[in-house]
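See below for the structure under consideration.
Worth knowing before you read on, the calculation uses all heavy atoms, side chains too, and leaves out hydrogens, waters and symmetry mates.
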Amino acid sequence: MKSEQKSLLVIFISFGIFLLAFIFFTGYNGLYGQDSHEYLRYCKELIKFFKTGEVPGNFFWPIGYPLAGALLSFITGPHLAMQLIPVLSCCWIMVILAAYLMNEFPGREKEISLYVFLFLGFSPYFLRYSISVMSDIPSVALLVTSYYCLDRYMKIKKAIFILIASFMVSATIFTRIGLLPLTLPVWIFIFKSYFRKNNLQLIIPTLVLILLPATIYSFFKGTDVSIVSQNYQLTDWSVLNFFKREFSNPDGYLSYSLPNIVFVFLSFIHPGYVFAGILFIFQFFINKQQPSYFITPLVLAILLYLFFLSGLPLQNSRFMIPVLPFFLLICFPSFLSYLSWFHFKKKLLMLAITLLLIFQSILVYRAFLPFYTLNKKELKIASSVLVHSSDIIYTFGIDGALKSYGYEGKIINMYHSPLTSVASGSMMVFNPGEFSKQWAGKNPMNNYDFILKSGKARLIATVESGWEIYRVE
């Protein structure tokens with residue numbers, strides 16, 4: 001086995017073991033917020049479909065991630081499968097980044113491994129999403145694989161690489177459609193390559209591989225394009241949003257400290273992504289040794305994606321995760337430049353690495369704590385609700401967790417429509433303190449007030465962080 005292959009294997013196995021140990025010792029099951037529970041719910045419905053043929057219910061997002069979870073669940077069970085896929089995807093992204101850099105900078109295996117561990121593996125936001133039940137990390141794994149295979153095809157002209165790239169870039173979109181802007185260089189090169197005479201024989205197999213994810217999507221969701229047509233994040237996209245920091249949309253009233261475009265571009269120097277980002281950017285512009293081929297297309301794709309994010313009517317830190325591997329790919333020569341300062345100073349280098357690991361660990365703890373806290377809060381609320389039996393629950397913001405943790409009754413989400421009546425014997429689970437500002441004048445708060453004014457609701461328990469459980473007489 002070549003030294004490069006050994007290094008890649010060490011990266012994959014060692015960081016995989018680290019993540020699994022992290023999960024085990026923290027007891028974090030990857031579920032936080034409504035979206036993660038929804039992915040798990042649909043995974044379970046797909047499992048039921050495979051076993052009984054029962055058609056899965058509605059699902060708003062692309063099905064790539066829960067479908068992979070459903071298939072893996074026959075070995076591991078659904079919950080572990082949905083958390084294991086991001087873990088494996090994280091390790092794979094690190095391997096792909098390292099493999100690309102090893103091809104560009106032969107003989108630098110140790111430096112590349114250190115770079116990938118420090119700035120990608122221990123990137124606080126990247127790490128916390130790598131152990132969470134969300135589609136971000138799996139979709140990025142597909143995306144970076146498509147770029148890597150395209151790069152290999154350009155260098156050694158083996159058809160297998162462009163075929164893999166074709167499937168991966170299509171699967172990326174049908175796992176997370178928001179990554180479309182970042183896939184454009186791959187699409188352009190794939191279609192451009194077929195104008196060459198010697199590539200005509202690849203057209204049919206490439207089209208088959210491109211259409212395969214679309215066919216699977218159509219099998220489960222038919223012609224449903226609500227992810228585009230009914231997604232306010234896309235339909236409310238506007239250049240005017242570049243300069244806004246306050247929004248009123250289906251997610252309530254949102255207020256941020258910075259305008260969208262500032263928030264998006266500051267992510268490159270945000271410690272949650274790459275704490276040394278500003279240093280890397282500075283060195284990038286004065287360093288003449290850059291990785292070959294995709295630098296210009298990559299920079300253009302990143303800029304296109306950032307402008308796309310700037311026009312959305314909200315801000316979300318996880319939307320920046322897909323850019324991170326590409327940013328680090330571009331910045332590796334900058335890292336080498338700084339590393340050269342420690343030439344013949346191994347003790348000083350070891351001290352610097354130790355301090356960096358300590359600093360990164362502190363940042364990881366800070367980034368992970370809100371997810372861990374929310375995870376435990378949801379579990380505690382669900383456990384408290386299960387103690388009080390009821391066939392119907394009115395709630396908002398916690399319905400996904402109730403289903404994930406064992407509630408089998410009917411849940412009426414207070415978000416969807418105004419209530420006109422309340423079922424006797426039901427319960428309401430709500431957090432007025434948390435929702436009063438963001439949802440003022442909207443269905444959740446209006447319905448909460450309606451149930452209280454009915455005179456039938458009696459407070460029976462106060463749980464975690466202001467959550468209240470009411471019994472409707």
Side-chain angles (χ1 to χ4, degrees), residues 32-35 119-120 122-129 132 134 136-137 139-140 176 178-182 231-285 298-328 330-331 334 359-360 362-371 373-374 397 433-442:
Y32 78 99
Q34 290 285 80
D35 292 359
F119 297 105
L120 183 58
F122 280 91
S123 169
Y125 289 171
F126 183 79
L127 191 151
R128 76 178 182 184
Y129 288 113
S132 298
M134 290 294 286
D136 301 89
I137 301 299
S139 62
V140 174
R176 189 161 190 83
L179 297 190
L180 178 61
L182 281 172
N231 188 342
Y232 82 88
Q233 297 180 15
L234 299 179
T235 57
D236 292 353
W237 190 96
S238 171
V239 174
L240 297 178
N241 292 337
F242 285 23
F243 313 102
K244 291 183 178 180
R245 62 182 186 88
E246 295 183 348
F247 304 93
S248 177
N249 54 46
D251 279 336
Y253 297 102
L254 305 175
S255 179
Y256 306 100
S257 57
L258 297 171
N260 270 10
I261 195 164
V262 178
F263 167 81
V264 165
F265 279 88
L266 279 182
S267 61
F268 290 121
I269 60 174
H270 193 289
Y273 301 100
V274 186
F275 76 90
I278 186 66
L279 299 176
F280 288 159
I281 292 172
F282 172 77
Q283 191 63 233
F284 172 81
F285 286 105
L298 265 183
V299 170
L300 292 176
I302 289 173
L303 289 175
L304 179 63
Y305 181 68
L306 295 182
F307 283 119
F308 166 71
L309 294 184
S310 299
L312 297 178
L314 79 167
Q315 296 177 13
N316 195 319
S317 62
R318 66 185 176 88
F319 290 174
M320 292 301 303
I321 294 297
V323 174
L324 183 59
F326 300 107
F327 177 69
L328 290 175
I330 294 171
C331 290
S334 300
F359 182 64
Q360 285 287 73
I362 295 172
L363 293 177
V364 166
Y365 170 80
R366 178 64 185 86
F368 175 66
L369 186 60
F371 280 43
T373 302
L374 178 57
E434 182 177 333
F435 300 140
S436 59
K437 182 177 180 181
Q438 182 176 347
W439 298 98
K442 295 183 179 290

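Atom CG of residue L182 and atom CG of residue L300 lie 12.0 Å apart, to the nearest 0.5 angstrom. Atoms CE and CZ, on M134 and R128 in that order, are 11.0 Å from each other to the nearest 0.5 Å. One finds the CG atom of N241 at 9.5 Å from the OG atom of S310 (value rounded to the nearest 0.5 Å). Residue F319 holds its CZ atom at 6.5 Å from CG of L312, rounded to the nearest 0.5 Å. Annotation: the span from L120 atom CG to F126 atom CZ amounts to 4.0 Å, rounded to 0.5 Å. How far CG of L304 is from CG of L309: 10.0 Å, rounded to the nearest 0.5 Å.
Side-chain N or O atoms of D236 include none that pairs as donor or acceptor with a backbone N or O of N249 at under 3.5 Å. With hydrogens and angles ignored, the 3.5 Å screen pairs a side-chain donor or acceptor of R245 with a backbone N or O of Y256. R176 places no side-chain N or O within 3.5 Å of a backbone atom of S139 that could act as its donor or acceptor partner.
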Would you give me the side-chain donor-acceptor pairs under 3.5 Å for residues 265-275, sequence neighbours excluded?
| residue | atom | partner | partner atom | Å |
| --- | --- | --- | --- | --- |
| S267 | OG | V264 | O | 2.5 |
| H270 | ND1 | G272 | N | 2.8 |
| Y273 | OH | S317 | O | 2.5 |

Walk me through it: do V140 and L324 pass the test side-chain contact (heavy atoms from CB on, under 4.5 Å)?
CA-CA 10 Å; V140 174; L324 183 59; over 6 Å; no
Please step through side-chain contact (heavy atoms from CB on, under 4.5 Å) for the pair L179 and Y305, ending with a clear verdict.
CA-CA 8 Å; L179 297 190; Y305 181 68; 3.9 Å; yes
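Among all heavy-atom pairs drawn from P322 and P325, the shortest one is O-CD, 3.5 Å. In terms of heavy atoms, Q315 sits closest to L258 at NE2-O, 2.8 Å. A440 and S436 get closest at one heavy-atom pair: CB-O, 3.2 Å. The two atoms that bring V364 and F122 nearest to each other are CG2-O, 3.7 Å, heavy atoms only.
For Q34, the side-chain hydrogen bond (donor to acceptor under 3.5 Å, both in side chains) partners at least two apart in sequence or on another chain are D399. Not counting sequence neighbours, the partners of S132 by the side-chain hydrogen bond (donor to acceptor under 3.5 Å, both in side chains) test are Y28. Contacts of F263 classified as ring pair (Phe, Tyr, Trp, His ring centres under 6.0 Å), with partners at least two apart in sequence or in another chain: none. Residues satisfying the side-chain hydrogen bond (donor to acceptor under 3.5 Å, both in side chains) criterion with Q360, sequence neighbours excluded, are absent altogether. In terms of the ring pair (Phe, Tyr, Trp, His ring centres under 6.0 Å) criterion, F282 has no residue partners (sequence neighbours excluded).
When ring centroids are compared, Y129 and F371 come within the 6.0 Å threshold.
Classification of the F242-F307 ring pair by plane angle, with boundaries at 30° and 60°, yields parallel.
Judged by the 6.0 Å distance and 45° axis criteria, K442 is positioned over the aromatic ring of Y253.
By the 4.5 Å heavy-atom criterion applied to side chains, Y32 and T373 are not counted as neighbours. At a threshold of 4.5 Å between non-hydrogen side-chain atoms, the residues L306 and M320 count as touching. Put simply, the side chain of F247 reaches to within 4.5 Å of the side chain of N260, judged on heavy atoms.
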